[in-house]
Amino acid sequence: MLHSLGVHTLQLLTQAAACILLFPRFLLTAVMLWLLDFLCIRKKMLTIPTAEEVAGASEGPPPDDPPVCVSDSNRMFTLESLKAVWHGQKLDFFKSAHVGSLAPNPEVIQLDGQKRLRILDFARGKRPLILNFGSCT
């Protein structure tokens, strides 16, 4: 019981530390999304079309420059996008694979559900090195 309490406390402290470390990065991303929406709306509402643009509007917009249309369905600063940003940053923070370190060897369960193995237990023969397939730079 005491060991379980220690493990849960350690997990809680890890999550709290991650939140404290990720919060400034999350706020910066949220501000950037808000500014992007704000600038798109500002560009759409405050620009006064020139005579050439008015004449060209009857022909339609050029294919490489779609019209700026910010509506509730395509805004970037929404609760759903902020949740996705937070979740993505947490996944990135807690990932087990890091550049320069050993590859992770997570535990997997066979389909019959009876046996737990490590993923590298299924490796057969010689495995190619990254140098064989990666870039030389």
Side-chain angles (χ1 to χ4, degrees):
M1 177 74 178
L2 188 59
H3 175 64
S4 176
L5 182 63
V7 169
H8 289 298
T9 304
L10 183 62
Q11 289 175 345
L12 181 65
L13 289 174
T14 304
Q15 292 287 330
C19 288
I20 290 169
L21 290 173
L22 292 176
F23 195 67
R25 202 165 96 182
F26 170 74
L27 283 179
L28 180 64
T29 306
V31 167
M32 296 304 284
L33 290 175
W34 179 80
L35 281 174
L36 185 61
D37 273 353
F38 177 75
L39 291 175
C40 289
I41 292 169
R42 183 172 172 249
K43 179 180 177 185
K44 177 74 173 176
M45 301 300 262
L46 298 180
T47 56
I48 300 170
T50 63
E52 295 168 352
E53 289 174 345
V54 171
S58 61
E59 301 168 5
D64 60 340
D65 188 22
V68 177
C69 179
V70 178
S71 66
D72 289 340
S73 63
N74 66 354
R75 293 183 83 112
M76 299 188 76
F77 186 72
T78 63
L79 183 60
E80 291 80 19
S81 66
L82 293 176
K83 285 180 183 178
V85 166
W86 180 257
H87 183 69
Q89 288 183 357
K90 273 184 63 177
L91 284 176
D92 187 45
F93 184 78
F94 285 112
K95 68 183 175 187
S96 58
H98 298 282
V99 175
S101 64
L102 293 174
N105 190 13
E107 189 176 75
V108 293
I109 301 172
Q110 288 185 329
L111 290 176
D112 60 12
Q114 301 297 320
K115 196 171 184 184
R116 293 176 181 257
L117 297 170
R118 296 283 179 182
I119 200 162
L120 292 179
D121 295 341
F122 294 99
R124 303 241 164 104
K126 288 203 163 240
R127 298 178 57 189
L129 297 174
I130 187 76
L131 297 176
N132 294 347
F133 300 103
S135 65
C136 296
T137 59

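Remember, predicted model here, so these are calculated numbers, not experimental data. Scope of the values below: all heavy atoms of this structure, side chains included, with no hydrogens, waters or symmetry mates.
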Stepwise side-chain contact (heavy atoms from CB on, under 4.5 Å) check, D92 with R25 = CA-CA 12 Å; D92 187 45; R25 202 165 96 182; 3.7 Å; yes

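- Here the CD-CG distance, from Q15 to L22, works out to 9.5 Å after rounding to the nearest 0.5 Å.
- Between the CE atom of M32 and the CE atom of M76 there is a distance of 10.5 Å, given to the nearest 0.5 Å.
- Listed by chain and residue number, nothing satisfies the side-chain hydrogen bond (donor to acceptor under 3.5 Å, both in side chains) test with K115 (two or more places apart in sequence, or in another chain).
- Residues that satisfy the side-chain contact (heavy atoms from CB on, under 4.5 Å) test with E80, not counting sequence neighbours, are T78.
- The number of heavy-atom neighbours closer than 6.0 Å to CG of L35, taken from other residues, nucleotides and ligands shown, is above 12.
- Of the possible polar contacts, one joining the D37 side chain to the F77 backbone as a donor-acceptor pair under 3.5 Å is found.
- Residues L79 and K83 are in side-chain contact: their nearest non-hydrogen atoms beyond the backbone lie under 4.5 Å apart.
- Within a 6.0 Å sphere centred on CZ of F23, other residues, nucleotides and ligands contribute 12 heavy atoms or fewer.
- A distance of 5.0 Å separates CD of E107 from CZ of R118, quoted to the nearest 0.5 Å.
- No more than 12 heavy-atom neighbours from other residues, nucleotides or ligands sit within 6.0 angstrom of CG on L102.
- With values rounded to the nearest 0.5 angstrom, W86 atom CH2 is found 10.5 Å from T29 atom OG1.
- Taking all atoms of both residues into account, the shortest heavy-atom contact from L5 to T9 is O-OG1, 2.7 Å.
- Hydrophobic clustering (side-chain heavy atoms under 4.5 Å, transitive across Ile, Leu, Val, Met, Phe, Trp, Tyr) groups L21 together with L27.
- When the side-chain contact (heavy atoms from CB on, under 4.5 Å) test is applied to S101, the partners found at least two apart in sequence or on another chain are H98.
- Across all non-hydrogen atoms, the minimal contact from T14 to F94 is CG2-CE2, 3.5 Å.
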